Amino acid sequence: MPSEITHTSRPVPRANTGSAVLNWLADTSTFLLQMERRIDPWLRPPFDALLRDPLARLVTALINWQRVDEGLQLAEEKPLPDEAAYLDAIIATFEQQMRGLWKPGGMERGGNTKTHGIVRGEFIVHDNIPPTLRHGIYAKPYSFAAWVRFSGPGPYITQDIDDVGFMSISIKLMGVPGAKLMNEEQHTLDLFGVSTPTFVTPDTRANAHLQRWSLKNASLFHFLNFKRPHMLDLVMQALFIKTQSSPFEAPYFSCVPYLLGEGQAMQYSVWPKSKLRTPIPRLPLRPPDDYLRDAMVAALNQGDVEFDIRLQRQTDPFRMPIENNAVLWPEKLSPRVSVATLRLYKQTFDSPAQRAFAKKLSYNPWHTIAEHRPLGNQSRARQRMYFELSRLRHTLNAVPHYEPTGDETFEPPP
């Protein structure tokens, strides 16, 4: 049966650029994208099978052709000029947007906003990992309890069929030993993924530009403009965003690199083990507003759901860059290697208490250990950005930050 929800989905706000022409172009593009989402499940499979990966390689080659090789070494970072100023601008824009969209007591996250569900899981590290990958949490076989949040793109909460075709996963491991890079949580380690293999912006300079247009509800013009176009980034995202069938049926990618022990960088990804695809109700008409949550409820009513965790080592510092997160790391240079299983046990998760619990949690990539320190300018930005926006949300909602233990229990839904 359709799941009860505590938020109200609403349409994407109309563009507010100050120009009637730009507003019309942005709103029309949003409408056309939403209409395409209704027929995408019939168009996407043959496109992906024949064209997606070759086109992704071509776009990657074009992006690299425009880049300058700065001679960096493996796992080496290089701060951007004015990096702190870009971060200040990003935080200020997010805060302004959050305050404009939500009221105190009902503040939502600035990004990855719509919670499809938060579920209990287990992160099981394998015992046959290659020696080069045995660092940090992957050093030996072990099983960590986890809270796993699946979410939509944000910054809005829309009907699922009207989002941009993008999902995210946030995994909070508990009982992780060792000193943490942020002291607000002592025993957790957070992992993140989105359903596109590259990030929407290459760096914080571009991200600050994107957020300015997002504030005007016209993100299209971050990509399409004469002064600072990002056409290749738009094409790369378009190759992978699509009408999603279930949060349990998409792969997720870290997009940004992390240390894998001293002097070694990696990206990680999360892959569904099942090849089943949940039919989307009522297409090409409008599906239920929260059909993605409904698909999660149905799947975990039937049994366990499993994902494969894979690591990809950086082997070429230019073609697998640290500071540019719009570049797809080629598997030809470094294959993704299975290192762990994320198991979500059969469970009932869609209670009001458990949905409220999701609002109490803060995820931050710097909730981690030194062996997995986040790398690159967008990772450096996330530390303060996620912290300050989380603090804003918790303060205005009068909900204190909470570090989970994994022992939490909730009343089942009525």
Side-chain angles (χ1 to χ4, degrees), residues 48 52-53 56-57 59-60 75 112 121-126 128-130 132-138 144 146 148-151 153 165-173 189-200 202 236-237 239-242 244-261 264-275 277 305-316 319-322 324-344 363 365 368 371-376 378-379 382:
D48 286 353
R52 188 192 65 185
D53 290 346
R57 290 192 292 269
V59 173
T60 300
N112 304 322
E122 184 180 13
F123 190 93
I124 307 163
V125 179
H126 298 165
N128 58 347
I129 299 175
T132 54
L133 306 182
R134 292 181 197 160
H135 297 277
I137 60 173
Y138 308 106
F144 298 97
V148 186
R149 177 178 179 261
F150 293 89
S151 55
F166 173 98
M167 297 185 299
S168 63
I169 186 173
S170 303
I171 305 169
K172 186 177 287 287
L173 307 183
L189 186 146
D190 294 351
L191 303 167
F192 295 82
V194 297
S195 57
T196 56
T198 60
F199 200 54
V200 65
M236 182 64 84
Q237 293 294 300
L239 291 175
F240 291 92
I241 59 173
K242 59 185 178 181
Q244 303 289 348
S245 57
S246 166
F248 295 157
E249 296 169 0
Y252 299 91
F253 306 87
S254 70
C255 296
V256 296
Y258 297 79
L259 278 181
L260 184 60
Q264 184 173 241
M266 58 112 175
Q267 290 188 7
Y268 54 79
S269 51
V270 182
W271 297 80
K273 290 192 175 184
S274 173
K275 301 298 183 184
R277 290 294 175 266
V305 172
E306 290 190 345
F307 293 85
D308 190 36
I309 310 298
R310 302 175 189 174
L311 304 186
Q312 184 183 26
R313 291 173 57 234
Q314 184 197 35
T315 58
D316 184 317
R319 294 180 63 189
M320 307 170 77
I322 298 295
N324 186 319
N325 307 136
V327 176
L328 181 63
W329 284 17
E331 286 193 77
K332 180 179 177 181
L333 294 179
S334 178
R336 298 184 175 107
V337 178
S338 175
V339 295
T341 294
L342 175 63
R343 180 174 297 148
L344 311 177
Y363 287 86
T368 191
E371 290 90 337
H372 299 314
R373 178 171 60 82
L375 299 174
Q378 294 196 108
S379 288
R382 279 169 145 181

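Starting from 1, each residue takes its place in the sequence as its number. In this text the structure is predicted, and so the values were computed from the model without any measurement.
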Decide yes or no for Leu311 and Leu260: does some side-chain heavy atom of the first lie under 4.5 Å from some side-chain heavy atom of the second? yes
Sub-4.5 Å side-chain heavy-atom contact between Thr198 and Val327: no
Candidate pair Tyr138 and Leu133, rule side chain to side chain contact (heavy atoms under 4.5 Å, CB included), full reasoning: CA-CA 7 Å; Tyr138 308 106; Leu133 306 182; 5.7 Å; no
For residues Phe248 and Pro272, report the shortest heavy-atom separation together with the two atoms involved. O-CB, 3.3 Å
Nearest 0.5 angstrom please: Ile309 CD1 to Ser269 OG, how far? 8.0 Å
Ile137: what forms a side chain to side chain contact (heavy atoms under 4.5 Å, CB included) with it, not counting sequence neighbours? Phe123, Phe144, Leu173, Val176, Leu189, Ile369, His372
Under 3.5 Å, is there a donor on one side chain and an acceptor on the other for Asn112 and Ser168? yes
Side chain to side chain contact (heavy atoms under 4.5 Å, CB included) partners for Glu306, two or more places apart: Lys273, Thr341, Arg343
Taking the side chain as every heavy atom from C-beta outward, state whether Arg382 and Val256 have any atom pair closer than 4.5 Å. yes
To the nearest 0.5 Å, atom CG of Leu342 lies from atom CD1 of Ile124 at 8.5 Å
Sequence-distant partners of Ser254, side chain to side chain donor-acceptor pair (under 3.5 Å), two or more places apart: none
Which heavy atom in Asp308 sits nearest to a heavy atom in Ser338, and how many Å separate them? OD1-OG, 2.6 Å
If you look at every heavy atom in Asn325 and Pro257, which pair is closest and at what distance? ND2-CD, 3.7 Å
Listed by chain and number, what are the side chain to side chain donor-acceptor pair (under 3.5 Å) partners of Ser274, not counting sequence neighbours? none
Minimal non-hydrogen separation, Gly136 against Glu371, with atom names: CA-CB, 3.9 Å
Is the positively charged end of Arg319 above the ring of Trp329, judged by distance under 6.0 angstrom from the centroid and angle within 45° of the axis? no
Can you tell if the side chain of Phe192 reaches within under 4.5 Å of the side chain of Val194, non-hydrogen atoms only? no
Can you tell me how far apart CE (Met167) and CD (Glu249) are? Round to the nearest 0.5 Å. 8.5 Å
Are any non-hydrogen side-chain atoms of Phe253 and Ser195 less than 4.5 angstrom apart? no
The reported gap from CD in Gln267 to CG in Leu375 (rounded to nearest 0.5 angstrom) is 10.0 Å
Sequence neighbours excluded, the answer for side chain to side chain contact (heavy atoms under 4.5 Å, CB included) partners of Ser334 is Gln312, Arg313, Thr315, Met320
Given side chain to side chain contact (heavy atoms under 4.5 Å, CB included), test Lys172 with Tyr363 step by step and report yes or no. CA-CA 7 Å; Lys172 186 177 287 287; Tyr363 287 86; 3.4 Å; yes
In this structure, CZ of Arg310 is separated from CH2 of Trp271 (nearest 0.5 Å) by 5.5 Å
Could you give me the CA-CA distance, side-chain angles and deciding distance for Leu344 and Phe307, then say whether side chain to side chain contact (heavy atoms under 4.5 Å, CB included) is met? CA-CA 8 Å; Leu344 311 177; Phe307 293 85; 3.9 Å; yes
Shortest non-hydrogen contact between Phe166 and Thr196, atoms and distance: CE1-OG1, 3.8 Å
Looking at NE2 of His135 and CD1 of Ile129, how far apart are the two atoms once the value is rounded to the nearest 0.5 Å? 10.5 Å
Give the minimum heavy-atom separation between Tyr252 and Pro247, together with the two atoms involved. OH-O, 2.6 Å
Can you check whether Ile322 reaches Gln314 side chain to side chain, under 4.5 Å on heavy atoms? yes
Under the rule for side chain to side chain contact (heavy atoms under 4.5 Å, CB included), what residues qualify as partners of Pro335, not counting sequence neighbours? none
